[in-house]
Each structure stands twice: as C-alpha cells, then as structure tokens.
Number of protein chains: 2
Amino acid sequence: MQCDNSSTEGQKFQVRKLDISDKSKGFIELLQQLTVCDSVSDKEFKDRFQELSSLGDDHVVCVIEDSQSGKIIATGSVFIEKKFIRNCGKVGHIEDVVVDSNARGKQLGKKIIAFLSDHARSMGCYKVILDCSSENKTFYEKCGFKQKEIQMVMYFT
Amino acid sequence: MQCDNSSTEGQKFQVRKLDISDKSKGFIELLQQLTVCDSVSDKEFKDRFQELSSLGDDHVVCVIEDSQSGKIIATGSVFIEKKFIRNCGKVGHIEDVVVDSNARGKQLGKKIIAFLSDHARSMGCYKVILDCSSENKTFYEKCGFKQKEIQMVMYFT
C-alpha cells in the first residue's frame, strides 16, 4: 500500500477560521513572535473575537493548528475594504501573517496566504494587498504578489 | 478693519463627512482623477454609501466642498482595523486621497490627512498607515508620516 505523505501533511496542516477556543492553544503567544502583544485577558480576547465575528466574511482570521501538538502554529487575517473607486470595488487587506519559528519550511505561510487571497477573490475584490518588510519581499513574490507602492506610517503611541 | 484671509480660507474649505448628496457635486468625477472609476449609478452609490454608513466611525469618508462652486474638490477615507496584536489594538488605514487638479496649492491635501489622522487617533488607534507612490513620499512626510514597509499587490481583474 502506498503511503501518500503529501496528503497526510495536507490533512495535518489544514487552514481554518479562528475559533474562540484558540486562545488556549497558543494563538496569542504565536502573535508575540510577530510584534508586541502582551497578555490579553480572556474577556479582551472574547470581546475582540465577537467584534470581528460580527463583520462576518468582511474580516477573517485564519489559523493552522498542529493536530499532533494541538497548538496554533500559523495565522493571518484579511479584511475587505469597500470603496467608491473601481466602480464601487472592494480590496482585500492581508495583515498579521506569522508562522511559528519551530514550524518553518513546511510551506505554512504559503497556505495561509493562499487561503486569505482566495477569500478576497471569492468576496469579489479586484485586488488584495499587504505591507511587508523588504526582507519578506521574495516570499510574497513566490506567493504571486508584486511590489507596488511604499507604506507610510504615523505612530500615536 | 482687518481682513483675515486665512480664516476666510479656512471657512471656505472645511472638511466634513461625505453626504449622500455629494454624488451630484462631482464626487465620482473627483475620484476619476485618482484611478479607474467609471460611471456609478445613483443606486450603486446609495447602496455603497449606506454600507459604509452602517460601519459608523469605523469607516469615514471625508470631503472638502468649495462653497463658491458647490463642487467636491478633495476627499479621502480612513477605516479602523481591529487587531489582536498590540493588546487588541486598532490601526487606521488611510485610502483614496485626492485633491482636484484645479485646487492644488491650497493645502487641501494636508487638511484631509489631518482630519483622517485625527479621526484614527480619536478612535484609539496606535498608528495610522497609508500606501502611496514614491513621488508622494515627500508630501506625506510633511504631514508627519515616515516610510516603513513596502506594499505588495496581487490583482484579480
């Protein structure tokens, strides 16, 4: 009997939407690998989860759970911006993509980006965009993105 | 008696939120100076206007109307993204800023950016971001922004 490793890997690392129980599976700790994210209380998490859920398909956070360890090892989000330009078009904005440092090299980042891009496309967006550091440019090019503009920022805190 | 021109100019070019009647004041034609925006029907405009209005302060489109001509001569938008990172922080995204080519040099762009940035700050955002071409970098630096990342894009249509 043949052993189909790729299929097994595929099943093991499926992308799904964030669930409220994912806080106890290391979701916040994973985000801490991306940027500042101090401890978030259960109530804060629940409130934000429900705020985002109320936006339905207009704001989706996805995760990959390692079925063996039960830990969240990759995540990313996309929200759908509604515009007047492009004949009242829509744009998908991908944000907060991170893969656990112990789970690199398994193409999990690509899976996350594909899931989020597919969602934006299915929502009728004419494009999907994201901001990244120059170091991550090559990765996103492999995902089918091209560099276009520059990102400007003003911090308040 | 002193004539305070700056105050008169200030009154003449006040920033306010988009109104449903602004379609008849050249709002769509102004957006056409920014990018592709074919004719939008009254129904399409009304539907999108109401969709955005339902988001309340989480998505604001502002305009400047020339009180003399009754035309919309500048616009921009900001929407508030709710995150888990930064302790369930919020980020303002500025989009679709344009000033009528016949109304340049009156600091209207700065007024629009100040209005949108102030809105993001008042909503509790820890930062406000925007994507722009390299040619507009200097303008946004004058508005208090700094270059940070690069923007990547994938077009569907």
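Reminder, nothing fancy here: chain letters follow the sequence lines and each chain counts from 1. Keep in mind it's a predicted model, so treat the numbers as computed, not measured.
Here the rule is side chain to side chain contact (heavy atoms under 4.5 Å, CB included) with A:Phe84, and of B:Val40, B:Leu30, B:Leu18 only B:Leu18 fits it.
Both the backbone and the side chain of A:Glu141 come within less than 4.5 Å of a heavy atom in chain B. Looking at B:Leu52, the atoms closer than 4.5 Å to chain A (heavy atoms on both sides) all sit in the side chain, from C-beta outward. A:Val91 does not touch chain B: none of its heavy atoms, backbone or side chain, sits under 4.5 Å away. Interface remark: A:Ser117 contributes backbone and side-chain atoms alike to the contact with chain B (heavy atom separation under 4.5 Å). The contact between B:Thr35 and chain A is made entirely by side chain atoms (from C-beta outward), counting heavy-atom distances below 4.5 Å. Looking at A:Phe27, the atoms closer than 4.5 Å to chain B (heavy atoms on both sides) all sit in the side chain, from C-beta outward. The part of B:Glu51 that comes within reach of chain A is its side chain, from C-beta onward, which places non-hydrogen atoms under 4.5 angstrom from that chain.
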Checklist entry - How far apart are the C-alpha atoms of A:Glu95 and B:Glu81, what are their side-chain angles, what is the distance that settles it, and do they pass the side chain to side chain contact (heavy atoms under 4.5 Å, CB included) test? => result CA-CA 10 Å; A:Glu95 296 278 336; B:Glu81 179 208 359; 3.2 Å; yes

Checklist entry - After noting the C-alpha distance and the side-chain angles of B:Val153 and A:Val128, does the key distance pass the side chain to side chain contact (heavy atoms under 4.5 Å, CB included) rule? => result CA-CA 6 Å; B:Val153 62; A:Val128 62; over 6 Å; no

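Ranked by heavy-atom pairs under 4.5 Å with chain A, the first of B:Gln32, B:Gln147, B:Glu149, B:Glu44 is B:Glu149. Per-residue counts of heavy-atom pairs under 4.5 Å with chain B were compared for A:His93, A:His59, A:Arg121; the largest is that of A:Arg121. Listed options A:Val61, A:Asp131, A:Leu34 were ranked by heavy-atom pairs under 4.5 angstrom with chain B; first place goes to A:Asp131. Among A:Ile94, A:Ile85, A:Thr157, the residue making the largest number of heavy-atom pairs under 4.5 Å with chain B is A:Ile85.
The side-chain heavy atoms of A:Gln151 and B:Phe145, taken from C-beta on, include no pair separated by under 4.5 Å. Annotation: side chain of A:Met152 is not in contact with side chain of B:Lys148 (no heavy-atom distance under 4.5 Å).
Clustering ILVMFWY residues whenever any of their side-chain heavy atoms sit less than 4.5 angstrom apart, transitively, puts B:Ile113 in the very cluster that holds A:Phe156. In the hydrophobic cluster analysis, where Ile, Leu, Val, Met, Phe, Trp and Tyr join through side-chain heavy atoms closer than 4.5 angstrom, B:Ile64 is grouped together with B:Phe115. A:Tyr140 and A:Ile129 fall into different hydrophobic clusters, where Ile, Leu, Val, Met, Phe, Trp and Tyr residues are linked whenever their side-chain heavy atoms come under 4.5 Å apart, directly or through other members. With hydrophobic clusters built from ILVMFWY side chains whose heavy atoms lie under 4.5 angstrom apart, B:Leu31 does not share a cluster with B:Val97. Grouping the Ile, Leu, Val, Met, Phe, Trp and Tyr side chains by contacts below 4.5 angstrom, directly or via other members, places A:Val78 with A:Ile112.
Rounding to the nearest 0.5 Å gives a distance of 12.5 Å between SG of A:Cys125 and OH of B:Tyr155. The distance from atom CE of B:Met154 to atom SG of A:Cys143, rounded to the nearest 0.5 Å, is 7.0 Å. Residue A:Ile28 holds its CD1 atom at 6.0 Å from SG of B:Cys88, rounded to the nearest 0.5 Å. Here the CG-CD1 distance, from A:Asn136 to B:Ile150, works out to 8.5 Å after rounding to the nearest 0.5 Å. Of the inter-residue distances, the one linking B:Ser77 atom OG with A:Lys82 atom NZ reads 14.0 Å to the nearest 0.5 angstrom.
With ring centers used as reference points, B:Phe79 lies under 6.0 Å from A:Phe79.
Under the 3.5 Å distance criterion, the side-chain polar atoms of B:Arg48 are matched with a main-chain donor or acceptor of A:Lys83.
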